[in-house]
Amino acid sequence: MIEVKNLNHSFGKHQVLENINLTLPEHTVMGLVGINGAGKSTLLRLISGVYAPQSGEILIDGIKNTDENARKSLFFLPDDPYYTIYTTGNKMFELYKVFFPAMDKKLFLHYLDTFKLKASKPIRNFSKGMRRQLYIALALSAKPKYILLDEAFDGLDPLSRLAFKHAINVAVEEGGASVLISSHALRELEDFCDSYVLIDNKTVASSGDLAEKVNRYCKFQLAFKEPPAEDAFKGLPALSVEQTGRFVRIVLEGDAEEMKEALQGLDPAVLEEMPMDFEELFIHEVKERGYMR
Amino acid sequence: MKTFFRYFGYQLKDSALRTIVVSLFSFFYTMSLADTGIFLDHVYNADTGRYDREVANCYLIFFYILLIILVYVIPMMELSRFKNRRNLDTLYFFPLSRTKLALVHYFVGILQFLAAYTLSFGVVAFCIIEIPLFYQSFLIPCYLGMLFSSLLVYTFVCYLFSSENTVFDGVVTSLWWIALPTLVYLIPRTIHSSFDFGKPSAFWYVLFGPMILFGEVFSACFEFGASATGDAIDYFKEEWYMLLIWTALAGLAFFLYLRTFQKKGAEKAGAPSSSPVGLQFLIPAWGYLGFWFVLQLDSAILIFMTILSILIGYFILRRSFKLKKKDLLCAALTIFLALAVFLAAPQAERLIERIASEKDPDYTLVTTPNFDEVEAPVFLQGCTPKEFGATIKRFSSYSDKQGNVDVYMELSFSEKELMMNYLDLLRADAADPNAPYSGLYALSSSLIDGHTTLFSTKYTLDSIATPTAGCILTISRRNDKKCIMECDYGVISYSKESLTVIQSYCHGSFERGAVKGIPVLATKYFHNGFKVSFKE
């Protein structure tokens, strides 16, 4: 388990993270979300030991993350990993094997094969997505207990994303790994994350079980014979109401059946339940906190 | 520890190509310059009665330059990867403490240096031992001595480079701390002999940086091998604490190097300089020194250029023409402080005179930079050196508190015969008690060319040695209390019955001397000679 306790960090006078508390349990995939500049990458760097926090504590299986032994079970994949102009996949494997002796070459080559990459080719010739695929292959073949991924889906094509998600699931279910993954691709995260942490305004704005969070809300699309009054939905626990003439899209907090029944009372010509997704919830949540672009 | 050694092995392997390239470069560099000439000079050894040979420094200077390049470039190559934030995201998360990370790269760099140094030293040693009569037993102590001093400088570069946030700032800071003080010491003396501060004491070595020590160890090692007299080593016996100071400072630098790795945040990589010993300190410190110095030269253009240099330094620090308020405040304070100190002194002494007086408290150095204005002493029966076809290469005079004047001239004759004629005149003049500059001449000439050094005082001639190998050196009695002998580039021996001084020199600096049989009061070494005070 990774525990972050009362973590504070700033860059000079600019406070980035304030009083962060979170726990990454074992055998789980946790999504780390937030707007640009929220501090997600900083938090990952703090957990992985790249940055030293100004105050607070980070424990990996009860040991402080500053202890090199604690980091032996952790693999951090930053958004732009290290390589030199002559580095190949094989060389990167050799480098990582120095620190993770249990790295599986066969597994590494298997993943490279899945992504159609060559281990002997210089990394400088790879595209952004290909580099990411290579490093994901490294991360998974290291078989660490904890994997921290920063902008994991960035640059990956849809097929690669599928393969990646599948590989993560295997690593968690069969390998017993725990994954903390930060990404703006919330729809992708929703597919395989068990839990989430939303960083906003320097702190943890909300967190919890992802499915539970999504299931707490329901979305409906309605069509009326006449445009409804502005206050027609006033009595309902609406998160958001979008009205375009006779058509209304509404997100409500509560049980879907109960909400459906309540909406039937407004006598719509058409009432249709829409799938609710995490991205929409995220947008609503951050908008509520005053973030507008 | 297993991870440490695995990473060390990986880095050794990873740097193999770089090591090979650097070593080959060093090898071919030293090989290609072997033909520049290892001049031999004849040195008469009074003890053995034979002529020893001395290796001129021409070729060795190139080797010296190579070592300087290696101790700068190698740590920078090893540590430049830590100046990139992207790299640190990976390197710092690895399960290896930052201390161990720092140690790996420190020692990998040393091994790279060792390979290049050993290979090039081998070439130099081969060239030298080919020369007959050279003392080959010096080779290993020489190798180890230069290795030691190289590692001192290497350690300083490691700390200074790693203390900065970018490669550029790291290079500038390293050069500024180590090379610049040395250049302050070396450059003025090459412009004019008046700026020759002589061989500095340990205090000045601390001020002028480790490169001076590096150079001294380098020279001492080869001179020891050339003469096996150990005279150069005698210097270190007197100033042993200089070596101790620099070794201790290197130890401190090593500790600070590790501490920098432990404490410096990865987020600082690529950011403007924030090192406590970096540009933020160096710009005002050197700005103060430079401004105070140029104020004494009374040159408006130099003053303006110094102020401009300070501002340019801040532009480079900020990498922008937009300076912060604190930069402007610092620059203004620096200038104000230098001006205040300059004005507060009752008389602004010329820096050169103050330093010169430290060389010999009994003397005041008066220099005449324009040789055409020199009134050559009219003591050679009315003849000036120019009338003998001599070119005055250097001229200076020393006057002591008693009003005695020593004139020092370095003359170059176009023909040896002219030089010998001049010598005859000098001898005749020396015997004339009525000559205004009667008495004493110390004279030397080299077999290589007609380069002659003239030195005279108004004291009574003590003895004149018969020329041997074309060289003459004479000793004077300074006063009733002690005998002082001054010579340039000399090997001497002295006995109570007669004084025989044998001297030789070659281009460049070379010092050694030994006085046997006479209790020595003090020996003071200068860049181009030495002064021995002894009891009669």
Side-chain angles (χ1 to χ4, degrees), chain A residues 9-12 14 16 41-42 44-54 60 63-88 91-101 103 131 135 138-139 142 144-148 150-151, chain B residues 1-18 20-21 77-105 108 165 167 259-274 324 326:
Chain A
H9 193 71
S10 63
F11 295 129
H14 174 58
V16 177
S41 298
T42 303
L44 289 174
R45 287 185 174 94
L46 285 162
I47 294 172
S48 61
V50 174
Y51 293 167
Q54 260 125 31
I60 301 173
I63 308 171
K64 277 192 176 171
N65 74 328
T66 47
D67 188 324
E68 59 189 66
N69 292 315
R71 299 204 301 278
K72 280 181 179 167
S73 55
L74 186 142
F75 191 107
F76 172 53
L77 182 57
D79 57 346
D80 191 9
Y82 161 76
Y83 64 93
T84 66
I85 55 171
Y86 301 110
T87 311
T88 62
K91 274 205 81 73
M92 286 313 296
F93 183 86
E94 277 171 34
L95 172 61
Y96 278 82
K97 197 166 168 70
V98 166
F99 302 99
F100 302 98
M103 275 185 88
R131 283 202 289 273
Y135 281 96
L138 275 172
K145 196 171 174 191
Y146 302 103
I147 306 176
L148 308 181
D150 193 4
E151 300 298 342
Chain B
M1 283 308 280
K2 279 187 191 169
T3 312
F4 172 81
F5 286 114
R6 278 202 302 266
Y7 185 59
F8 184 74
Y10 173 85
Q11 283 300 328
L12 269 184
K13 209 170 133 190
D14 195 46
S15 64
L17 180 65
R18 208 161 52 233
I20 290 169
V21 168
M77 283 198 306
E78 266 309 299
L79 301 173
S80 58
R81 73 195 72 201
F82 294 99
K83 305 294 175 204
N84 182 307
R85 247 185 246 194
R86 190 189 75 182
N87 296 350
L88 294 181
D89 280 346
T90 303
L91 295 170
Y92 278 3
F93 110 80
F94 280 149
L96 190 71
S97 70
R98 294 201 194 171
T99 304
K100 289 176 186 168
L101 203 63
L103 285 171
V104 164
H105 289 278
V108 166
N165 299 329
V167 172
R259 193 131 175 91
T260 301
F261 257 82
Q262 288 160 2
K263 294 292 175 192
K264 200 157 95 155
E267 59 267 27
K268 291 221 163 117
S273 172
S274 59
K324 293 190 175 180
K326 67 173 183 177

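The structure presented is a predicted model; accordingly, all values stated were derived computationally and were not measured. Numbers restart at 1 for each chain; the letters A, B, ... are given by sequence-line order, proteins then strands.
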| Do the side chains of Y96(A) and T90(B) get nearer than 4.5 Å, heavy atoms only? | yes
| query | Should we say atom OH of Y86(A) is surrounded by more than 12 heavy atoms from elsewhere, each under 6.0 Å from it? | reply | no
| message | Do R6(B) and P101(A) have side chains that approach each other closer than 4.5 Å (heavy atoms only, starting at C-beta)? | response | yes
| query | In terms of heavy-atom contacts, does NZ of K268(B) have more than 12 from other residues, nucleotides or ligands at under 6.0 Å? | reply | no
| said: If the test is ring-ring contact (aromatic ring centres under 6.0 Å, His included), which one of F94(B), Y92(B), Y10(B) qualifies with F99(A)? | reply: F94(B)
| remark: Whatever's closer than 4.5 Å to a heavy atom in chain A on K100(B) counts as side chain
| Closest approach of V50(A) to L88(B) (non-hydrogen atoms, all atoms of both residues) | CG1-O, 3.9 Å
| said: Taking the side chain as everything from C-beta on, heavy atoms only, tell me whether D14(B) gets closer than 4.5 Å to E94(A). | reply: no
| remark: Between P95(B) and E68(A) the two heavy atoms that sit nearest each other are CB-O, 3.3 Å
| message | Which atoms of L95(A) are under 4.5 Å from chain B, going by heavy atoms: the side chain, the backbone, both sets, or neither? | response | both
| Separation of H9(A) NE2 from E267(B) CD (nearest 0.5 Å) | 4.5 Å
| field | K2(B) portion near chain A, given a 4.5 angstrom heavy-atom threshold | value | neither
| remark: Among T66(A), D79(A), I47(A), V98(A), the residue with the most heavy-atom pairs under 4.5 Å to chain B is V98(A)
| query | To the nearest 0.5 Å, how far apart are CG in L77(A) and CZ in F93(B)? | reply | 8.5 Å
| Closest approach of L96(B) and R71(A), non-hydrogen atoms and distance? | O-NH2, 3.3 Å
